[in-house]
2 protein chains.
Amino acid sequence: MKTETRKEEIIRVAAKLFKEKGYSAVTMRDIAKSMDIKAASLYNHINSKQDILEAIIISLAEQFTTEMLEIKKSEIGAIDKLKQIITLHVRLSSQNIYGMASLNNDWMHLEEQMSYYIKLRSDYENDFKHILEEGIRSGELIAVKPDVMMFSILTTLRSLYLWIPKKEDINLGELSENLSLILLNGINK
Amino acid sequence: MKTETRKEEIIRVAAKLFKEKGYSAVTMRDIAKSMDIKAASLYNHINSKQDILEAIIISLAEQFTTEMLEIKKSEIGAIDKLKQIITLHVRLSSQNIYGMASLNNDWMHLEEQMSYYIKLRSDYENDFKHILEEGIRSGELIAVKPDVMMFSILTTLRSLYLWIPKKEDINLGELSENLSLILLNGINK
DNA sequence: GTCTATATCCCGATAGAC
DNA sequence: GTCTATCGGGATATAGAC
């Protein structure tokens, strides 16, 4: 296990604070206080508050993009692809709960990197929708509007970060299975 | 149709800005600029920025509480209660898209009213969960953990405000029906 | 690598003229 | 009801000592 650098520590501590109050409400003094140093000392490791936000959001967004590419390439049915997407969200969300909060809620405070982020997200959503459309065409999925389907599934997956920490006893594999069951087959008996 | 007071206009304009950038990132000068007046003039109608946030969030939260009470009292099955909850979220979200954004994302910036808001939300979630538990007991719903069910359905409903404005051509009744189909019966054929 | 001191700017809010 | 002017405080970020 690699030792955490001071820069990585700043990013980790900042992400936790961003989750609680949002990027705009967290000050450099808040971050410094959580590390028991002074705000000015942070600038020996990072260039700006904005840099911290970019580090949190872009790396996470790129992980989703990379893994979606793998799922897209694999030669399996739509249902199986969706199950893999569910597992992907459970895994990345549980690995980086605080970062997921910024990804969801603070992307609009990105500056130079905003348009890059928006492209990554938009590509991801298009890939997701194509999987649904392919599933409808092949008869695997019901013929409801893919927009509504995607919205319903993706907002649930994007909110996982809010919910995983509350259930510390949870088994992540079991969570993925329960979610697949509910999202794919519904709750109606 | 009642004429909008200046105070109501401030709240409406502020809610729109809060949705775009969040409470903390919106300044009184931003709100004033959107109304073509100076920031100081706002204080002739409201006491503080915090008052605006309270007006947006608390009235919406109370609407959900009131309507949940009606649904709870009605003598219908769990599935029908869930359909009514879905319709409730579609209706309130479409009526107040900007307010729903603050309700979801800016409640943590409440001050005096924070604990009251948390109680309203917590009561709502408990009522929701009891409906699911009752549905499992009666055999209407599958026996998956009600926590996971509630999380999945409620996060989708809470995110409707993000999605409704993108589909201006949408029929709200049709949206409610599609959502009921997807959330209750899944997308698997 | 952290500190103190400070520059520069913008925040919410108030006072008082009109 | 809106304005100008301003207060007091806190924001990000830099300079330079240690």
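Sequence lines set the chain letters: A, B, ... in the order given, protein chains first and strands last, and positions in each chain run from 1.
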Where the side chain of [X] is defined as all heavy atoms beyond and including C-beta, which of [options] is the nearest nucleotide?
X: M28(A); options: dT12(D), dG1(D), dT2(C); answer: dT12(D)
X: I37(A); options: dC3(D), dC11(C), dT2(C); answer: dT2(C)
X: R6(B); options: dT2(D), dG12(C), dT4(D); answer: dT2(D)
X: H45(B); options: dT4(C), dG1(D), dC3(D); answer: dG1(D)
X: N44(B); options: dC11(C), dG1(C), dG1(D); answer: dG1(D)

Does OP1 or OP2 of [N] have a side-chain N or O of [X] closer than 4.0 Å?
X: R29(B); N: dA13(C); value: no
X: K49(A); N: dT12(D); value: yes
X: Y43(A); N: dT14(D); value: no

From [atom1] of [X] over to [atom2] of [N], roughly how many Å is that when rounded to an integer?
X: K21(B); N: dC10(C); atom1: NZ; atom2: C1'; value: 12 Å
X: L42(B); N: dC11(C); atom1: CG; atom2: P; value: 13 Å
X: I10(A); N: dA13(D); atom1: CD1; atom2: P; value: 12 Å
X: N47(B); N: dA13(C); atom1: CG; atom2: P; value: 9 Å
X: K7(B); N: dG1(D); atom1: NZ; atom2: C1'; value: 16 Å
X: H109(B); N: dC11(C); atom1: NE2; atom2: P; value: 16 Å
X: K38(B); N: dT6(D); atom1: NZ; atom2: P; value: 15 Å
X: D36(A); N: dC3(C); atom1: CG; atom2: C1'; value: 14 Å

* **Donor-acceptor contact present, side-chain S74(A) to main-chain I71(A), <3.5 Å** =>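 Yes, because the side chain of S74(A) sits within donor-acceptor range (under 3.5 Å) of the backbone of I71(A).
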* To do: Please check if the side chain of K81(A) supplies one atom and the backbone of G135(A) the other of a donor-acceptor pair under 3.5 Å.
  => no
* To do: Using only heavy-atom distances, determine whether the side chains of N44(A) and S41(A) contain a donor-acceptor pair under 3.5 Å.
  =>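 No, S41(A) and N44(A) have no side-chain donor paired with an acceptor closer than 3.5 Å.
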* Asked: If you measure only the distance, is there a donor-acceptor pair under 3.5 Å linking the side chains of T156(B) and T156(A)?
  -> yes
* Cation-pi check, K145(A) onto F151(A) ring (under 6.0 Å, within 45° of axis) -> no
* **First encountered from the 5' end of DNA chain D, between D30(A) and S41(B)** => S41(B)
